[in-house]
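Presented below is the structure to which this report refers.
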Amino acid sequence: MRWIHAAGRGLLVLVVIMTGYVASGARADEGTAGARGPLTLATAGDLTGYLGTVLEGWNRTHPGERVTLVELPDSADETHAQMTTDLRGGDQSRFDVLNIDVSWTSEFAAAGWIRPLPPDRFPLDTLLPPVVDTATYDGQLYAVPYVTNAGLLLYRKDVLAEEGVPPPRTWTELEHDARTIAPKYGLGGYAGQFLPYEGLTVNAAEAVYSAGGSILGDEGERVTVNSAAAREGIGFLARGVREGWIPKAALTYKEEESKQAFQDGKLLFLRNWPYAYVGASAKGSPVAGKVGAVPLPGPDGPGTSVLGGSNLAVNTHARHPDSAARLIAYLTSESVQRQVLTKGALPPVRAALYEDPELVREFPHLPTLRASVLAAAPRPKSPRYDQVSLVVQAVVQDAMTGRETPESAVRRLARELAAISHR
């Protein structure tokens with residue numbers, strides 16, 4: 001899910017795409033009774049419209065297990081709110097299979113909303129290794145990785161070529177170029193997703209991780225954020241706004257707003273997910289042919305991205321759990337994972353696709369993305385992740401807007417996270 005992640009909308013809109021259910025002609029082993037039968041798949045908004053086509057393929061070959069797609073808002077915060085409200089209904093829940101942000105697996109598993117899954121039913125050994133960890137909780141598999149993601153640094157390669165400098169590998173180089181080169185070309189220096197929503201949690205975690213720190217340990221039971229590394233990471237973001245190489249407008253950016261600013265030629269550097277690279281490089285983009293992508297920088301070299309993406313989970317009260325598991329196996333098959341990339345513009349979880357010569361020619365950022373995913377780390381695991389994320393957003397926003405120093409922000413963050421872990 002790029003899926004990723006915005007607060008502040010008004011009325012939530014639920015778009016239900018009904019694919020219908022054809023009972024006639026169903027094979028006997030795919031009847032509606034028992035462990036197999038029709039399903040409902042809930043997901044955040046499918047911005048590229050590819051998922052309907054993928055599910056049509058399933059429905060053609062599984063007439064007794066047809067899937068109805070329910071699209072929730074494309075904001076992760078709003079999708080989370082709608083999913084959790086529905087899941088609290090127990091056996092009255094409308095959703096059988098859930099396409100959940102990778103950061104929600106622990107929360108949903110601890111709440112008893114999703115069921116453990118047998119690892120031998122799914123192609124886990126064919127997936128990029130780090131993504132499997134996002135699908136586990138307390139030593140058990142509770143979901144199956146479907147889409148992965150890692151943050152990349154997008155940059156204007158035409159501008160850097162004109163200046164004769166390589167893309168930055170360190171924060172010092174990034175700061176220098178953003179402060180000195182960007183103004184010469186009428187550009188803002190650097191932006192990420194700094195509105196207080198899930199995207200800010202991701203950006204803050206990446207800064208802390210890149211400096212060698214962490215936020216939580218032991219499945220959220222231990223607070224580890226009070227460190228020099230966390231002060232350095234949050235200080236990097238706060239310093240950017242204070243010194244002006246992070247434009248103040250970036251404090252209002254989510255994924256789409258930051259992508260559009262870069263695509264409109266307003267930024268030299270942008271931290272975003274790979275979909276932003278694809279969009280900015282597409283035909284008709286004002287910066288097409290002028291965009292490069294490298295791993296995120298850190299204090300002394302390449303930094304650490306947070307793993308993004310989504311996992312597929314089965315509702316504890318799913319009507320047909322065997323069909324649900326079969327659908328997940330289908331969605332993680334190589335043929336569907338190829339469509340995730342080619343039609344959905346989303347990073348697949350199948351490792352072999354990142355080395356497919358034909359795909360690499362079409363998507364030249366794949367080797368960089370693979371390296372970023374393999375070096376990435378999950379967001380803090382916690383059964384109270386939604387509360388953890390809200391605290392991180394609030395505290396880091398205060399640091400970036402100058403209402404609090406990075407030092408006091410880290411101390412406050414440690415106190416508030418400790419209060420959550422002891423509830």
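Residues take their numbers from the sequence shown, with the count starting at 1. Treat the numbers as computed from the prediction; the structure is a model and nothing was measured. Only this structure's heavy atoms are used, side chains among them; waters, hydrogens and symmetry mates stay out.
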* Asked: Can you find a heavy atom in the side chain of L374 that is under 4.5 Å from one in the side chain of P130?
  -> yes
* Would you say the side-chain atoms of E107 and H80 include a donor-acceptor pair closer than 3.5 Å? -> yes
* Report the C-alpha distance between S389 and T201 in whole Å, list the side-chain angles of each, state the deciding distance to 0.1 Å, and finish with yes or no for side chain to side chain donor-acceptor pair (under 3.5 Å). => CA-CA 6 Å; S389 183; T201 300; 2.8 Å; yes
* State whether the side chain of E232 and the backbone N or O of V208 hold a donor-acceptor pair below 3.5 Å, judged by distance alone. => no
* V102 versus V131: any side-chain heavy-atom pair under 4.5 Å? -> no
* Asked: Taking S210 for the side chain and A207 for the main chain, is one N or O donor matched with an acceptor at less than 3.5 Å?
  -> no
* Donor-acceptor under 3.5 Å (S258 side chain, Y253 main chain) -> no
* Can you find a heavy atom in the side chain of L160 that is under 4.5 Å from one in the side chain of L268? -> yes
* Residue pairs fulfilling side-chain hydrogen bond (donor to acceptor under 3.5 Å, both in side chains) with at least one residue in residues 347-361, sequence neighbours excluded -> T126-R350, R338-D356
* Between T136 (side chain) and G139 (backbone), is there a donor-acceptor pair under 3.5 Å? -> no
* To do: Working to the nearest 0.5 Å, report the span between CE of M83 and CZ of R94.
  => 10.5 Å
* Which distance, rounded to the nearest 0.5 Å, do you find between the OG1 of T43 and the CD1 of I100? -> 11.0 Å
* **Expected output: side-chain D101 to main-chain A76 donor-acceptor under 3.5 Å** => no
* To do: Could you point out which residue of V392, D398, V391 forms a side-chain contact (heavy atoms from CB on, under 4.5 Å) with V395?
  => V391
Quiz: residues 111-119 side-chain donor-acceptor pairs under 3.5 angstrom, not counting sequence neighbours:
| residue | atom | partner | partner atom | Å |
| --- | --- | --- | --- | --- |
| R115 | NE | N315 | O | 3.4 |
| R115 | NH2 | T316 | O | 2.6 |

* Donor-acceptor contact below 3.5 Å, side chain S214 vs main chain L216 -> no
* Let me see the working for W58 and L327 under side chain to side chain contact (heavy atoms under 4.5 Å, CB included), right down to the final yes or no. => CA-CA 8 Å; W58 166 272; L327 175 64; 3.7 Å; yes
* To do: Keeping the roles fixed (side chain from S310, backbone from N99), state whether a donor-acceptor pair exists under 3.5 Å.
  => no
* **Minimum-distance pair of heavy atoms, taken over all atoms of A288 and S281** => CB-O, 3.8 Å
* Do L237 and F194 come within less than 4.5 Å of each other through their side chains, counting heavy atoms only? -> yes
* Within-4.5 Å side-chain heavy-atom neighbours: Y190 and L270 -> no
* Any chance you could measure R222, atom CZ, to S382, atom OG, to the nearest 0.5 Å? => 13.5 Å
* Structure fact -> Heavy-atom closest pair (Y385 atom, R379 atom, distance to 0.1 Å) is OH-CD, 3.1 Å
* To do: Answer whether the closest heavy-atom distance between the side chains of V291 and Y155 falls below 4.5 Å.
  => no
* Asked: So, does N272 use its side chain to make a donor-acceptor pair with the main chain of L153 at under 3.5 Å?
  -> no
* Within a reach of under 6.0 Å around NE2 of H176, are more than 12 heavy atoms found that belong to other residues, nucleotides or ligands? -> no
* What closest approach, in Å, do P274 and A150 show between heavy atoms, and which atom pair accounts for it? -> CD-O, 3.4 Å
* Distance, nearest 0.5 Å, that separates CZ of F363 from OG1 of T368 -> 14.5 Å
* Distance-only polar pair, side chains of E65 and Y330, donor-acceptor under 3.5 Å -> no
* Between Q337 and S333, is any side-chain donor less than 3.5 angstrom from a side-chain acceptor? -> no
* Step by step, work out the side chain to side chain contact (heavy atoms under 4.5 Å, CB included) result for V165 and I181. => CA-CA 10 Å; V165 298; I181 295 177; 3.9 Å; yes
* Structure fact -> Rounded to the nearest 0.5 angstrom, the CD-CG distance for E71 and L41 is 9.5 Å
* To do: For this output row, return yes or no: ring centroids of F269 and W171 closer than 6.0 angstrom.
  => no
* How many angstroms lie between atom CD of E198 and atom CG of L390, to the nearest 0.5 angstrom? -> 8.5 Å
Side-chain donor-acceptor contacts of residues 294-308 below 3.5 Å, not counting sequence neighbours, with atom names and distances?
| residue | atom | partner | partner atom | Å |
| --- | --- | --- | --- | --- |
| S305 | OG | G151 | N | 2.6 |
| S305 | OG | E206 | OE2 | 3.2 |

* Asked: Between Q260 and E257, is there a donor-acceptor pair closer than 3.5 Å when you use the side chain of the first and the backbone of the second?
  -> no
* Side chains of E221 and S421, donor plus acceptor under 3.5 Å -> no
* Asked: For the residue pair A182 and G189, what are the closest heavy atoms and their distance?
  -> CB-CA, 3.8 Å
* Asked: Among pairs that include at least one residue of residues 133-153, which meet salt bridge (charged side-chain N to carboxylate O under 4.0 Å, His left out), considering only residues two or more places apart or in two chains?
  -> D133-K381
* Asked: Can you check side chain to side chain contact (heavy atoms under 4.5 Å, CB included) on N311 and W104, steps first, answer last?
  -> CA-CA 9 Å; N311 296 331; W104 305 342; over 6 Å; no
* Set of ring pair (Phe, Tyr, Trp, His ring centres under 6.0 Å) partners for Y277, sequence neighbours left out -> H365
* Before giving the answer on side chain to side chain contact (heavy atoms under 4.5 Å, CB included), spell out for L127 and F122 the whole-Å C-alpha distance, their side-chain angles and the decisive distance to 0.1 Å. => CA-CA 10 Å; L127 310 185; F122 309 102; over 6 Å; no
* Please determine if R271 forms a cation-pi arrangement with W273, meaning its NZ or CZ atom is less than 6.0 Å from the six-membered ring centre and no more than 45° off the ring axis. => yes
* Between the main-chain N or O of T40 and the side-chain N or O of D96, is there a donor-acceptor pair closer than 3.5 Å? -> yes
* Who passes side-chain hydrogen bond (donor to acceptor under 3.5 Å, both in side chains) against Y137, sequence neighbours left out? -> none
* **Closest contact, heavy atoms only, P145 versus V349** => O-CG2, 3.6 Å
* Structure fact -> Correct closest heavy-atom pair for E175 and F236 would be OE2-CD1, 3.6 Å
* To do: Dump the intermediate steps for salt bridge (Lys or Arg N to Asp or Glu O under 4.0 Å) on R121 and D322, then the final yes or no.
  => CA-CA 11 Å; R121 291 198 66 171; D322 187 52; 2.9 Å; yes
* **Min side-chain heavy-atom separation V340-Y146 under 4.5 Å** => yes
* **Beyond-backbone contact of P348 with V147, side-chain heavy atoms, under 4.5 angstrom** => no
